[in-house]
Each structure stands twice: as C-alpha cells, then as structure tokens.
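Report on one structure; see the data block that follows.
Each chain gets a letter, A, B and so on, in the order the sequences are listed, and its residues count up from 1.
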Amino acid sequence: MQRKYNPSKIEEKWQKLWEREQTFAVDEDGTKKKYYLLEMFPYPSGRIHMGHVRNYTIGDVVARYKKMRGYNVLHPIGWDSFGMPAENAAIQHGIPPAKWTNENIDSMKKQLKRMGFSYDWNRELSTCEPAYYRWEQLFFLWMYEKGLAYKKGGSVNWCPACKTVLANEQVEAGLCWRCGSEVTEQYFDQWFFRITAYVEELLDYCDKLPGWPERVLTMQRNWIGKSHGCELVFPMADSDDVIKVFTTRQDTIFGATFMLIAAEHPLVMKLAAGKSVEQDVRDFVERVKKQDRMMRTSDYYEKEGVFLDAYCLNPVTNKRMPIYAANFVLADYGTGCVMAVPTHDQRDFEFAEKYGLQKIVVIQNPENPLDAATMTEAYVDEGILVNSGRFDGMKNLQALEDIAEYLESIGRGRKTIEYRLRDWGISRQRYWGAPIPMITCEKCGVVPVPEADLPVILPTDVALTGEGESPLARVASFVNVSCPNCGGPARRETDTMDTFVESSWYFARFCSAHHDSKPGLDRQKVDYWLPVDQYIGGIEHAIMHLLYARFYTKMLRDFGVLGVDEPFTNLLTQGMVCKETARCREHGYLFPEEVRNGKCVRCDREVTIGKTEKMSKSLKNVVDPNYIIDEYGADTARMFCLFAAPPERDLEWSDQGVDGSFRFLGRVWRIVMEYLDDIQNVAPFDGREELDGDIKILRKKTHQTIKKVTIDIEERFHFNTAISAVMELVNALYQTRRPEAEDAKFLSVIRETVENVIILLAPIVPHITEELWGMIGGKQRLSEAPWPSFDATVAAEEEITIVVQVNGKVRSRIQVAASESDETIKGLALNDQKIRQFVGDRQVIKEIYVPKKLVNIVVKQ
RNA sequence: GCGAGAGUGGCGGAACUGGAAGACGCACUGGACUUAGGAUCCAGCCCGCGAAAGCGGAUAGGGGUUCAACUCCCCUCUCUCGCACCA
C-alpha cells in the first residue's frame, strides 16, 4: 500500500487542472443536446454556509452526470449582490456597500472554488454592476411604455423617530428594531409592476409544468387565488352613491343585513366626515392600522368595528343596512367592502352578536331547521334557500348562477372573477439597489430617462445613517437633473428596485453574460440555452421568487427578447440544513467548542441540548464549510451533504456522519490500492466467458449497482440511495475472496467493478475519483468520460423469494427460479410445509397471488 | 390565523406503483490484527417473552377502507416553509 488518501493535495491538483483546461467552459454547440442546470445564485453575505454547500453540491452532481451522459452542460454562477445587509453593514460599520459586497464576493468565490464545483466561471455576473442592472433599467422603460410599470399609493412600515421606512424583518413586535419606537403605517406614491396583467397565463401554466413539485404549483395557485363571484352594487340610502362589493356567495344576498368596510379604506373617513362619530371612527382606524395583518383575519381574533352613521340598501330586499368599519376586512382584496350575512358566515355572526345586528336565515338546514333568534353559530353548510323571494326552495349551490343572472338583469351586479394576487410593489426607499430610471419634472410630470442616457448609475459618495428618507434623495448631484422633455429643472426618482427584480431574469443573462449591446440578451444564445432544464433551490422561494421569474419571462417574451413561455422546465426544491442547539442557562446559546463533556466551558453548568433547528448565527449552531474542507476535504463535505438525506427533506448535520463519509472514501481508496498493481493493465471483463461463484455474484452486483445509481440520479435525485448502492458494491468487493493464483478472468471482473465504483462516484466526489481513475490507467479525464451502461441480463436475478402469508401475516418464504411459471409458484406456496401446518384444517376462503412476489392465503378464523 | 409540506429503531435514513418494515451509514457490543489504536478488517444490533425454534408488538396518536396500509380516507398532536420590504 504505497499511498495514503490525502484529500487536500488531490483536490487542489484537480481544481487547478480543471481550471487550466477550461473543462467546464461551454459555448453553443449545435451538434450536442444542451442541458442548462442552475442553482439559485447566492447573496454575498460574506461566507458560504452549509445551505449553499448542499444546494450547489446537488446541482454539481447533476451537472457532472449530464456531462458524462454527453450533454452540452451550462452550469453558471453569479451574485445576487444588491440588498439590505450591505446597507446595514455600512450604517453599522461605515463600510461602503460596494466595498463590503465585493470583498464578500471575493472570499465566497474562494470558498466555492475549494468545493470543486463544475461552474463555467467565465459567465460569472454580479447584479450590483451597471453592466447588469442597465438592462433591467431598459426593461423598466419598456414596461413603463406598456403600462406594466406604474405609480400608485402603497403603504410602508414607518418609524416616526428614525423617519425611515422599515422592512418587515426590521419591525419586531410592532417596534422599530433600532430605536424601539412604535412603527406606524405611511402611504407613499410607489412603483408597481402589473403582474396581474399576466395572472391568467401564470395560473394556466401551473397545469403545464410537469417537472415542478406539485406542492409548489399548489402554493402558487393558492397565492394567485382565483375565485368566481359577483360584483354587487349597494345603493346608499341617502344619496346617489353606491358601494360595490365582491362576493362568491351571492346565494346569501337576501340575508345581507349590514355592510362592512376595511378600516383603512378611504371610504370610511369619507362616510364619517362631519358626523358626531367622526372622532371615534378616526381613533378606531388608527388602532386597527397597528394590528397585525395576519392576526386581524384570524378566526379567533376579536372582531371589532365602529358604526359610521350611514346606511345603504340591500339591492334585492331594499332593506336599510347599517355600515360599519371593521378590523377583519382587508382593503386590498376585492373592493375592500363586504356584505355581511351573519346567519351564514361565522365572522359576520360574531360581529352581529357583538353589535346587536339583525339576522335572517336564508339557507335552511334540511335536517335541523334553523331559527335566527336561537342560533349559536353561523350555518355554513349547504341547504335549501328560504326568505329569498323567487329563489325559495332551490338548493343554494345550484342557485348561485341564477341569482347572479337575476342581479345582472336588475342592474345590481355582474359576474366577475377576483384574484388574491396583487400587483408587485417594487419601490424601495433604500440606497443599495438598482435605480429606477425615471425623472419627475415640475412641468411635464413623470418622464422616463431616455434609453440613450442609460444606465442611471448608482452614485458611490453617499452617506448612510439609517435615518431619514431614501439616502439617494440627499445626493444633490444625483437628484437634480434637467427634464429630458423640456430641459427645465427636474428630480430623479430616488427609490431603488426590489432585489427580486434582479433575480427575475439572471438566468437569461447567464446565456450571454457579457453581451453589451441592447437589450443585454443575445437572442441566438438565449434561444439555444433557455429554458433552464433543471433549477435547484430552497423551498422558501416556492412562491415569490419563482412567480416573479415566471412573470418576467412572459413579459420579456412579449418584448421579443426571449422565446420561451416558462423559465424553468424542472424544479427541485431542497430542504433546510439543521443542527441541534446547545444552551447554557447562564450564557445562552453556545458554539459547539464552548461545550465540553456536556458542560459550559465558562461556568461549568449543565448544557441543555435543544431540538434541531435551521442553522443560523443567532442559534450558534452553524458549521463552517471551511473547517470541514480543511479537516476532511471537499469530497467528504459533498458526500455527507448528499448521503445524510434526500434533497427535498431537511438535512440534520451530524459530525459523526461526516466521519462516516470520510471513512467510506478511505475504504474506496484502500481497496483500489489493494488491487492497483494487478488491474492497472487489465481490460474489464468482456462478458464472453461463463462465470461462477464469487465473481459471478460480484459482476451481477456491479451491473445492478450501475442500474440503481443511474435511476436514482436520473429520475429521482435520490443521491443518498445511490451512495448506499455503491457502498454495498464496495462491501461486496471486500467480501470477494481473492484466489491463490493470478487469474486473468478474475482480475478482469475486479477491474470492471473497480472502474464502475470510480465512475459511479465521479459526479459525487469528483477529486478522489479523478485521481483513482488516473492511477488505474484511465485514458481520458474522468469528468469527460462516458457514463456506464448496464447489461440487463447480467443484472437480472436468477432466483426470487416468494413471500407466503396467511391472513396477511408472513408465515413462510420460498425460493424459486425467476423463470418459474405462476401456476407452479402458487402450487409450491400452498404446499409449503409451514403453511400447511399453519392452515391446518381451517377453511381457505381466498388465495391472492401477486406475480413473482407474494401469495396470501385467507382462511376462516 | 390562512396556504403548503413533514413525522419510520438510540440517531440519519430505506421501502419507487397498496404486497417481506428497518437497505446503507452512524452509535453501541464482541472478535481479529497490532508495540499501540480513537486506524483497519470481520461479526452482532427494532422492542417484549423465550435457551432456541418461535410467538406477539411496532412506521407521531386515534379511527376507517382492504385479503393486505409507512403508503389511501377522516380526526387530533408536533415540527418546517411561505404570507407580498430578509434573500
């Protein structure tokens, strides 16, 4: 055994070689089938974490596998480099965001390179560079032209003390994270993208993405939230105005006894204006604005309202309906107004009870008739219409259509479709984002920056304090411009774009990452590579990022820039990386090195080992990939991430598990060394001679393993079971007893097995396998070698086990030749001695035979 | 709260389409080799009763469908993700 497994030496050697030989650089090649594999690009936070390692390892296995299968594989990487953390670092430590970001990119790039990922680094991009965001600004101008980008009022979290806008994560229990002041709601004019213009197509294609996990599609459908219903018109009792509501329950219209309006709806103050209730209403509205939006709509939350001293009329009964502002109605769904039917909606019921409002039963329970006076909760099931004029006696669900038509006929409503999806607010009152290329002129109003003047470059000399309005608003040289229209004084837009905008089209940019002429995407290249064949990323992006990217793809298609309807053909959503937490009563959460023998190193108190949670800095349960690479090597880190759990499940980190992965690689290394001298110049077994005994079994196992690993990678991405299969093969190799004399046939079978162990592991642990491959005399680079195929005849089992059950319990097993006829198998099972004993003289009721698997005999008890 | 998932030995997981529950690995136990072992190789290892053969139990908990349920249906519990300004 001349050499020891030395991962750091091997890994560095091959990483350099792949880089020098440009192994993973690609161009369009019409002679090969393309495969575009993409992992969600990282935000450059400073260091890669295990979540990245896992995500990128999964992607790398597929990329390398597809390359071995002969595809022209595009596997790019870049940086989602705009975002809040850079701005926070600047506020806290005075480091300019660009400097902070670029330094982070440098160090993370080094870490990624140490993992041996097969990226085409030539296509690296960073979204905070003008070379990237200039095209985003161009698309913005086109969107503005088409009405897909527009301005309207939108609310933000506002800290009155810092005089600044807060992100949701900067609001802690309703208070500003920095100064602790109570956060209020503030309305600004902001930019929105009209994603709702594509809502039907976005929904339709949820049925045309068979390569996506069903649960992601379900979440997207629910997010879009299409519902069929009616827009109904309620005339005001004392004026010619009307209130419009959206409802899916027009069958209950005869039971609508009052009207509810979202507290923050402008109509509320309008109706209360000048009345004695005005001050009460204003107080109520202010209070509701501070209530948590999620809690407000909860079933258990106290339903509150205030009477607006106004009435409207029920459009079918003409009865007066008092109008209330309510906390559980939301302004941005439907029209922000709701007709209340207390007898058949639980929230309305509770509200009516509290404020003593009228209840009329309109859907009768056929089994247990309802009485409005004695009901204790709303009746929400199906039933027969009553108190509903001409519709009495109909089943309520069947009357939906008729009632809608009737309301239309009397001019009091029309059938409509409502969506939960709202337009995408992209304005951020922040510095570190792509500037919105618009100008506001005193005379001409909102004017787009002319295309020729793009990009609008983000200035670098900006003081960041975390207080006051948008930082850009204080940069005079940026803000003050002359109007492109009239030449008069004008102001630049100082909002920047939501960082989800950058990640909505980066996958297209990778196809022609350095294309520097309009529109930043080379149509020919984009057409060759898109759509992304396999997209891989965290499940946390299941809705927003993926929906925005789908929207952008459709829009850019309509601009003639892309030729595909959907960006990602197949999607793999991976689970979180978790680890147990350690906590000391005195010192809180502890790093693993702060725990010795179950005690805190500082105070010697017992440490509580908590449940496993997502790795995060605050829980101190993070594992540094650099440490793992230094200690075990990248191959072990990759191997463990894949072996510990299937990709879609959460992965629980285990230091001992890492040891186990490392030991397996050592085991592979040693068995190859063991046979190295004997198989170096031997050709793999050609299958022409008969085999028997140990080597026959080994060869069968080899071909079965090729089959299993291929299916596990190709069809399921279940790398954990693929690795298990190779472990079994390696175990079989160890079990195979070496004959006394040198035996050419024997060695050729060993050669075949050893070769396949190495090849099958190549996408998973590329460094060690490339090294071993070279040692056994592999001609080409393993990363360029073809994936093996298996011989189905060799892999087939000759003997199979038939399970014999009595009343569903296993009582015996019989071995039969795989070629045996079903009749014979059945007969053998019935006549099996143990079975005959078991059945005894009980009466056989039924015999179930599952071909080649199982016989179940049902007997009378 | 709403929407979407998940729950299997001491631990990570396997069982792909309703047909052998626990592959593979870790931990643990024993053996071999060794100057030594925390290296390596070999073996054992779900729980209960039992010397063994075997019998019974077991896939978060409860119910159901079925000859047969980790797998399908209903209810409950726990955990994870998303909820529109974290990315």
Of the listed nucleotides ([options]), which one gets closest to any side-chain atom of [X]?
X: A/His541; options: B/C42, B/A87, B/C26; result: B/A87
X: A/Arg667; options: B/A43, B/C41, B/G19; result: B/C41
X: A/Asn731; options: B/A84, B/G19, B/G25; result: B/G25
X: A/Arg811; options: B/G3, B/C55, B/U40; result: B/C55
X: A/Lys708; options: B/C16, B/C85, B/A23; result: B/C16
X: A/Lys853; options: B/G19, B/C85, B/C24; result: B/G19
X: A/Thr721; options: B/C26, B/A87, B/A14; result: B/A14
X: A/Val858; options: B/A4, B/C67, B/A20; result: B/C67
X: A/Met727; options: B/C81, B/C41, B/C24; result: B/C24
X: A/Asn856; options: B/A4, B/C81, B/C67; result: B/C67

Considering every strand and a 4.0 Å limit on heavy-atom distances, what is the contact class for [X]: base, sugar-phosphate, or nothing?
X: A/Leu421; result: base
X: A/Ser427; result: base
X: A/Gln429; result: base
X: A/Trp223; result: base
X: A/Arg420; result: base
X: A/Ile543; result: sugar-phosphate
X: A/Ala542; result: nothing
X: A/Thr801; result: base
X: A/Phe500; result: base
X: A/Gly538; result: nothing
X: A/Phe838; result: sugar-phosphate
X: A/Gln805; result: base
X: A/Arg663; result: sugar-phosphate
X: A/Thr218; result: sugar-phosphate

Across all strands, who's sitting opposite [N] as a Watson-Crick or G-U wobble pair, both distances under 3.5 Å?
N: B/C24; answer: B/G12
N: B/G3; answer: B/C81
N: B/G54; answer: B/C49
N: B/A68; answer: none
N: B/A43; answer: B/U29

May I ask you to evaluate whether [X] reaches the phosphate of [N], defined as a side-chain N or O under 4.0 Å from OP1 or OP2?
X: A/Lys809; N: B/G57; answer: yes
X: A/Gln735; N: B/C42; answer: yes
X: A/Ser654; N: B/C26; answer: no
X: A/Arg215; N: B/G3; answer: no
X: A/Tyr734; N: B/C42; answer: no
X: A/Arg716; N: B/A15; answer: yes
X: A/Gln656; N: B/C28; answer: no
X: A/Arg649; N: B/G7; answer: yes
X: A/Asn720; N: B/G12; answer: no

Closest heavy-atom pair and its distance - [X], [Y]:
X: A/Gly433; Y: A/Thr496; result: O-CG2, 3.5 Å
X: A/Lys708; Y: A/Ala725; result: CG-CB, 3.8 Å
X: A/Ala86; Y: A/Trp432; result: CB-CD1, 3.4 Å

### Distance, C1' atom - from B/G37 to B/G31, rounded to whole angstrom
16 Å
### Distance, rounded to the nearest Å, where A/Tyr333 contributes OH and B/G3 contributes P
13 Å
### Query
Below 6.0 angstrom between ring centroids: does that apply to A/Tyr132 and A/Trp505?
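Yes - the distance between ring centres of A/Tyr132 and A/Trp505 falls below the 6.0 Å cut-off.
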